[in-house]
Amino acid sequence: MTRPMHGKTVVVTGGTAGIGKETARGLARLGAQVVVVGRDGDRARTAVAELRRDTGNDRVEAMLADLTLKRNARGLAKRITARYGEIHVLINNMGVTRAGRVLTPEGIETTFAANVLAPYLLTDGLLPALIRAAPTRVVNITGGVPRGSIDLDNLQGERSYVALSHYNQTKLALMAMSYATAERLRGSGVTLNVAYPGHAYTSLNKGLPVGAYPPVARPIVPLLRPLLPLLYGQRAAVRASRSSVYLASDPGVADLHGTYINSACRVVAWPAAVLDRRNRDAVSAICEKLATAPTRSTRPAG
């Protein structure tokens, strides 16, 4: 029997572990050719072998790139296009958080670079390959607690930085950028939607110190930590992949565009901060400014 994603090429960033790997697993089971993107060669090889074995799909491959660097995001888009020609689904799943504020060698705050700028650059770089294969889909994955306000004067933690609070804000900023990008893509044959995965205990949050949490939560973090693997372990990661697999593959949402779905795969209202055009315009302008700014580097590209 033909599987529903047979003949489709899907790119999943952050696809070598956690929710991204479960997303890749779900799409490989549906017959897609899946390209998982990761930074670590050993982990990528292990993930590919596991996914091929578990799904019976040998069309799972890996590409390596540190997407916190602009030049690597652009380079990855070129390599994917050269190798595959056409892309049917791009899932911008990769998420990063850092315990303290750290700038990339290109001078951009790392969490913002990974969670907002990388999806912006990769979508733009792969757009010709997506348009060639249209109708096609882009799925951006939010996370954390994406609500509240967007502090446009502190998008890169310039004035204050608490790791998980900043992570939440970058995911709101991702949503604002996604909404604006969807408006620009209307009529192109490429849909763009945002999925909320729910919570899972993954490498993203396992090593964070107590100080990475908002002050009000810090007293209870040591008490909750032993429970997190039980409450949000592997099963939670599988559940958290469902919304992205749904947006990537379900025939019933082929025409869905510019929407936000929750972990139960239901369309829900965008957060108020995303509906504020001033935020969308400002975040998009910052992404464009960073994307076009001359690159400075202190080490070779990874």
Side-chain angles (χ1 to χ4, degrees), residues 9-28 32-55 57-80 82-84 87 90-100 102-106 108-119 121-122 125-126 140-141 143-144 163 167 170 197 200-209 212 228-229 232-234 236-238 240-241 244 297-302:
T9 300
V10 179
V11 176
V12 184
T13 68
T16 62
I19 297 170
K21 186 167 73 171
E22 295 311 316
T23 299
R25 193 191 311 275
L27 292 167
Q33 174 170 266
V34 181
V35 183
V36 295
V37 178
R39 290 183 296 174
D40 182 271
D42 289 339
R43 191 157 72 170
R45 284 186 288 273
T46 299
V48 166
E50 175 189 329
L51 294 174
R52 287 179 175 178
R53 181 185 67 247
D54 289 356
T55 66
N57 184 345
D58 289 335
R59 302 180 75 217
V60 179
E61 300 177 350
M63 283 196 170
L64 300 181
D66 177 357
L67 294 178
T68 64
L69 298 176
K70 295 190 296 182
R71 63 184 180 275
N72 288 356
R74 292 193 182 102
L76 176 66
K78 291 178 181 177
R79 285 189 284 137
I80 289 173
R83 181 172 178 84
Y84 300 100
I87 299 300
L90 166 63
I91 302 179
N92 287 305
N93 164 84
M94 180 188 72
V96 166
T97 187
R98 293 286 183 267
V102 178
L103 300 185
T104 72
E106 295 173 339
I108 302 169
E109 191 277 317
T110 303
T111 306
F112 185 89
N115 298 350
V116 187
L117 187 58
L121 290 170
L122 198 53
L126 287 176
N140 288 345
I141 310 303
Y167 175 82
T170 62
Y201 191 55
T202 69
S203 57
L204 178 77
N205 45 40
K206 285 179 180 177
L208 289 176
L228 292 177
Y232 298 112
Q234 179 62 23
V238 173
S241 70
S244 50
S297 178
T298 59
R299 62 178 173 84

For the CG atom of Leu64 and the CG atom of Asp40, what is their distance to the nearest 0.5 Å?
8.0 Å

Pairing residues for Asn115 by the side-chain hydrogen bond (donor to acceptor under 3.5 Å, both in side chains) criterion, not counting sequence neighbours:
Thr170

Beyond-backbone contact of Leu76 with Met63, side-chain heavy atoms, under 4.5 angstrom:
yes

Taking Arg25 as the fixed residue, which of Asn57, Val36, Thr55 is the one that meets the side chain to side chain contact (heavy atoms under 4.5 Å, CB included) rule?
Thr55

Can you check whether Asn93 reaches Ser244 side chain to side chain, under 4.5 Å on heavy atoms?
no

Any non-hydrogen side-chain atom of Val35 less than 4.5 Å from a side-chain atom of Val12?
no

Taking C-beta and beyond as the side chain, do Glu109 and Val102 meet within less than 4.5 Å on heavy atoms?
no

Should Val11 and Val37 count as side-chain neighbours, where that means a heavy-atom distance under 4.5 Å?
yes

Verdict with supporting geometry, Ile108 and Leu103, side-chain contact (heavy atoms from CB on, under 4.5 Å):
CA-CA 5 Å; Ile108 302 169; Leu103 300 185; over 6 Å; no

Could you walk me through whether Leu90 and Leu122 pass the side-chain contact (heavy atoms from CB on, under 4.5 Å) test, one step at a time?
CA-CA 9 Å; Leu90 166 63; Leu122 198 53; 4.0 Å; yes

For Glu61, salt bridge (charged side-chain N to carboxylate O under 4.0 Å, His left out) partners two or more places apart:
Arg83

Is Arg98 reaching over with its side chain to a backbone N or O of Thr111, donor-acceptor style, under 3.5 angstrom?
no

For the residue pair Ala163 and Ala99, what are the closest heavy atoms and their distance?
CB-O, 3.8 Å

So, the side chain of Asn72 versus the backbone of Asp66: is there a donor-acceptor pair under 3.5 Å, distance only?
yes

Please name the pair of heavy atoms, one in Ala65 and one in Arg79, separated by the smallest distance, quoted to 0.1 Å.
CB-NH2, 3.8 Å

Decide yes or no for Val34 and Arg59: does some side-chain heavy atom of the first lie under 4.5 Å from some side-chain heavy atom of the second?
no

Just by distance, do the side chain of Glu106 and the backbone of Lys70 share a donor-acceptor pair under 3.5 Å?
yes

Check against side chain to side chain donor-acceptor pair (under 3.5 Å), Asn92 and Asn140
CA-CA 5 Å; Asn92 287 305; Asn140 288 345; 2.8 Å; yes

Shortest non-hydrogen pair, Ala114 vs Pro119, comes out as O-CD, 3.4 Å

Does the side chain of Thr104 come under 3.5 Å of the side chain of Thr110 through a donor N or O and an acceptor N or O?
no

Would Arg74 and Leu121 count as a side-chain contact (heavy atoms from CB on, under 4.5 Å) here? Give the steps.
CA-CA 7 Å; Arg74 292 193 182 102; Leu121 290 170; 4.0 Å; yes

Mind checking whether Thr23 and Ile91 have side chains closer than 4.5 Å, heavy atoms only?
yes

Once salt bridge (charged side-chain N to carboxylate O under 4.0 Å, His left out) is applied, do any residues pair with Lys21, and if so which ones, sequence neighbours excluded?
Glu50

If I compare all heavy atoms of Ala118 with all of Leu67, which pair ends up nearest, and what's the gap?
CB-O, 3.3 Å

Between the main-chain N or O of Asp58 and the side-chain N or O of Arg52, is there a donor-acceptor pair closer than 3.5 Å?
yes

Nearest heavy-atom approach of Leu51 to Ala24 is CD1-CB, 3.9 Å

